[in-house]
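Right, one structure below, let's go through it.
Numbers restart at 1 for each chain; the letters A, B, ... are given by sequence-line order, proteins then strands. Quick caveat: nothing in here was measured; it's all calculated off a predicted structure.
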Amino acid sequence: MLDGLNPQQREAVIHHGGPLLIVAGAGSGKTRVLTHRIAYLLAERDARPSEILAITFTNKAAREMKERVDKLVGPRSAAMWVMTFHSACVRILRREAKRLGFPSGFSIYDQADSQRLMAMVCREMDLDPKRYPPRSFSAQVSNLKNELIDYESAADRAGSHLEKTLAEAYRAYQRRLTEAGAMDFDDLIMLTVNLFQAFPEVAEHYRRRFRHVMVDEYQDTNHAQYTLVRELVGHTAVKTADGDVVREGDDRSELCVVGDADQSIYAFRGATIRNIMEFERDYPDARTIMLEQNYRSTQNILSAANAVISRNESRKPKNLWSDQGAGPKIVGYVADNEHDEAMFVAQEVDKLADDEGVTPGQVAVFYRTNAASRVFEEIFIRTGLPYKVVGGVRFYERKEVRDLLAYLRVLANPGDVVSLRRIINVPKRGIGDRAEAMVEAFATRERISFWEGLLRAEEAPGLATRSLNAIKEFTALLTELQEKAEGVPPAALAEDVLVSTGYRAELENSEDPQDESRLENLDELIAVAAEFEEADPEGTLVQFLEQVSLVADADQIPGGGAGVVPPGERAPESTSGGVVTLMTLHTAKGLEFPVVFLTGLEDGVFPHSRSLGEPKELEEERRLAYVGITRAQQRLYVTRAAVRSSWGAPSFNPASRFLAEVPRDLIDWRTDPEKSAWSAATTRREPAARSRDTGGRPVASYAPGDRVTHDKFGLGTVVSVDGMAEKAKVKVDFGASGEKILMAAYAPMEKL
DNA sequence: TGATTAGGCTTTTTT
DNA sequence: AGCCTAATCA
């Protein structure tokens, strides 16, 4: 069990007793350590599988860990809890929901749902959406919850008018959630903590059960998750005034956390690097073990990564090393524009295939923002390079998918107003805004739920007969479906919903070609439900809904080079060549690929323009760069474009400062210096000198007589210009397409 | 009164 | 891509 582990890894596996922090540099074999530690606990320390709780952040990581533990210990692994923070909390909350005043089948609201609910609340409070944007309120409430601040404390500490309004909205929002029998993502963590604190016997139960608690990616924990872990392992050793370490009883569980402060990239959603930096202060008898040998990358790649990350201040020094040799140099390329950049990537993948036998499946392309994937897709389609975009416009965010899920959620929980109001008039059945408002007013006055209001719509004043009839038909339909929902498994129920509501018929009869793919998506969702039933024939509708709402994960990573696949386990895709993987840097975390293209290395793109003014955020961007670089096993490419058209307006971005932080001799620049004047010009420019004054992206300026090219209208000539900078409106004569007035900042148009 | 359409706005990263 | 609003249609 200890074979093939280096001394530090071995030590981490057999460590016994006090809290353990494993500082695991990128590619240092941390999953290997965690899985072996679990196996060791079972084999040598007499731990029972049910006493083990291993927490990860993504479903993907959980699944992978589970599989690898399964290989080591066999079917016993089934009794262990290896899951995400959110899944673990849901599992606890389902059992204890009654104590908190929620039904055990409570709905789970994702970000879009909670934004919708917040919008309803703001409208109710008569807030001007311009001055008090619901999205922002929703985000701020999320932040408060991550800090375990409830609406009362928020109200107490509110100073400004804005903060008071926010606290009020928070309160109303939370009331609506409770009435709907729903929890948002942040509630899952916060309410579990509340549960443990309000009911010590519940906390005690789980504390007794989980003798071993392991937390992966500890640097990504937020305050709520941090507190949850503390509650779970039991109050731990405290340092007294004279510096003695006193233990509070012997019943605390063994805690083992793994993380790397340099890979913390989720501060924007409340993660605090503090939790890992101060682990030793939080747990005074803690032990720290550093894993610095990297088994993934060549030394050139690691040297680049080390050089970049070393620029971050207040960082504990760490030095990754590899015994795999220097490897090829990093290849740099300065493209004329984003199309040229994508073309370079496509050609290079072809060349690698010819010269080195590299398959597309071994290649990944990373970018900073989801929107950047479009150009790569266009070029890859044109050149016939097979690819797959991971993340981006997600399946579960598609309108039709959300509609069908909303129906199912209403059937599982009629109190779920957000879902109910989403589908009340989908497909169109003659229940308009006015009718909806009437029912709502009626329900509020009668202190009944919106659903009950619909059932008693006859009593609601001011409803037109036509609307009333539509409502009656709707409630009859839902009631009928509800009765079926008891006995019918999810897939069949979903199909039933599509047919009986006319949703399927509407799409089938539609002329719009897009509706065909909508149908496909719906069938896909039904297929997911069928898979769910196959995996667990006893599975309920509530369980199915829970699974899909917690899998907001960018899951479908193609085989080939992706993931930490144990040797000898190479996925079969490698024979067929697999496909190139496209994803954001954030979703790339935890993965590795033989060949990595790191694109868009421009100040304003990566690092993102929003981070340039904030040293803290800039450090996070740098960690993101570190994560990106360390994904590469054999070959790393860094590319940038001299001109990039974002929102139509071309911007001339200087080279990313991160490029300058890589030692010169590690990069082999492939750009032909004669090729483009722009490339040369922007190379020498001082980084970030400009982005400050324009407050972000510069907008091209137009003058009458300028020749332009527009994505849709083609070539044209500027007739006149009205307004300045980002507010400029340009009148352009496109010949055959006529004259158009366009916003300079947004039109997909370039100056020639 | 509800349906339909056009236009504006949005994009940093995500469980 | 989808949501929101306003304006117009039926």
Side-chain angles (χ1 to χ4, degrees), chain A residues 55-62 83-90 108-112 114-116 119 123 129-130 133-135 139 142 146 184-189 217 220-222 224-225 264-271 366-374 390-394 396-403 422 425 427-438 462-468 470 514 517-518 549-555 583-589 600 604-612 617 620-621 623-624 627-628 646-647 696-697 741 743 745-746:
Chain A
I55 307 177
T56 61
F57 270 84
T58 65
N59 296 296
K60 180 163 54 77
M83 54 183 82
T84 64
F85 266 108
H86 292 85
S87 318
C89 287
V90 169
I108 299 169
Y109 281 2
D110 66 13
Q111 193 184 308
S114 53
Q115 258 176 35
R116 219 164 227 277
R123 212 176 308 140
K130 293 257 155 54
R135 304 165 126 264
S142 167
N146 288 336
D184 65 24
F185 273 180
D186 307 301
D187 281 339
L188 296 179
I189 314 289
E217 307 280 16
D220 287 335
T221 50
N222 59 35
Q225 290 159 336
S264 159
I265 54 174
Y266 286 113
F268 69 90
R269 67 174 200 222
F366 301 155
Y367 34 78
R368 178 66 238 270
T369 62
N370 278 307
S373 71
R374 219 195 68 221
V390 178
V393 186
R394 293 156 143 58
Y396 290 106
E397 284 166 22
R398 297 273 184 29
K399 179 188 178 318
E400 63 279 13
V401 173
R402 292 194 74 103
D403 285 342
R422 180 184 180 96
N425 202 27
K428 296 264 182 276
R429 50 172 73 91
I431 307 175
D433 294 345
R434 186 168 164 82
E436 203 183 321
M438 289 297 165
L463 261 186
T465 328
R466 192 162 49 131
S467 307
L468 180 62
Q514 279 201 340
S517 77
R518 289 186 199 279
S549 43
L550 293 178
V551 179
D553 188 8
D555 253 337
M583 63 181 121
T584 66
L585 283 150
H586 280 86
T587 43
K589 185 152 102 165
V605 175
F606 184 33
H608 195 271
S609 56
R610 302 269 271 252
S611 71
L612 291 176
E617 289 183 31
E620 176 142 319
E621 296 281 310
R623 291 192 291 269
L624 198 51
V627 166
S646 34
W647 290 279
R697 78 187 67 79
I741 294 175
M743 296 287 290
Y746 299 107

Quick one: label A/Phe57 by what it contacts on the DNA or RNA (base, sugar-phosphate, nothing), any heavy atom closer than 4.0 Å.
sugar-phosphate
Could you tell me whether the phosphate oxygens of B/dT12, OP1 or OP2, come under 4.0 Å of any side-chain nitrogen or oxygen in A/Ser609?
no
Considering all heavy atoms of both residues, which atom of A/Arg116 and which atom of A/Arg422 are nearest to each other, and what is their separation?
NH2-NH1, 3.8 Å
May I ask you to say what A/Tyr266 touches in the nucleic acid, namely base, sugar-phosphate or nothing, with a heavy-atom cut-off under 4.0 Å?
sugar-phosphate
With a non-hydrogen cut-off below 4.0 angstrom, is A/Ser611 in contact with a base, only sugar-phosphate, or nothing?
nothing
Check whether any side-chain nitrogen or oxygen of A/Arg610 sits under 4.0 Å from OP1 or OP2 of B/dT12, and answer yes or no.
yes
Could you list all N or O pairs between the protein and nucleotides 3-6 of chain B that sit under 3.5 Å apart?
{"unit_1": "B/dA3", "atom_1": "OP1", "unit_2": "A/Gly430", "atom_2": "N", "d": "3.0"}
{"unit_1": "B/dA3", "atom_1": "OP2", "unit_2": "A/Asn425", "atom_2": "ND2", "d": "3.1"}

When you check the phosphate oxygens OP1 and OP2 of B/dT11, does a side-chain N or O of A/Arg135 lie under 4.0 Å from one of them?
yes
Just call it for A/Arg434: base, sugar-phosphate, or nothing, with non-hydrogen atoms closer than 4.0 Å on any strand.
sugar-phosphate
To the nearest angstrom, how far is A/His586 atom NE2 from B/dT12 atom P?
12 Å
Dump every N/O contact between nucleotides 2-8 of chain C and the protein below 3.5 Å, one line per pair.
{"unit_1": "C/dG2", "atom_1": "OP1", "unit_2": "A/Lys399", "atom_2": "N", "d": "3.4"}

OP1 or OP2 of B/dT14 sitting under 4.0 Å from any side-chain N/O of A/Asn370?
yes
Taking side chain to side chain donor-acceptor pair (under 3.5 Å) as the definition, give me every residue that meets it alongside A/Gln111, ordered by chain and number, with sequence neighbours left out.
none
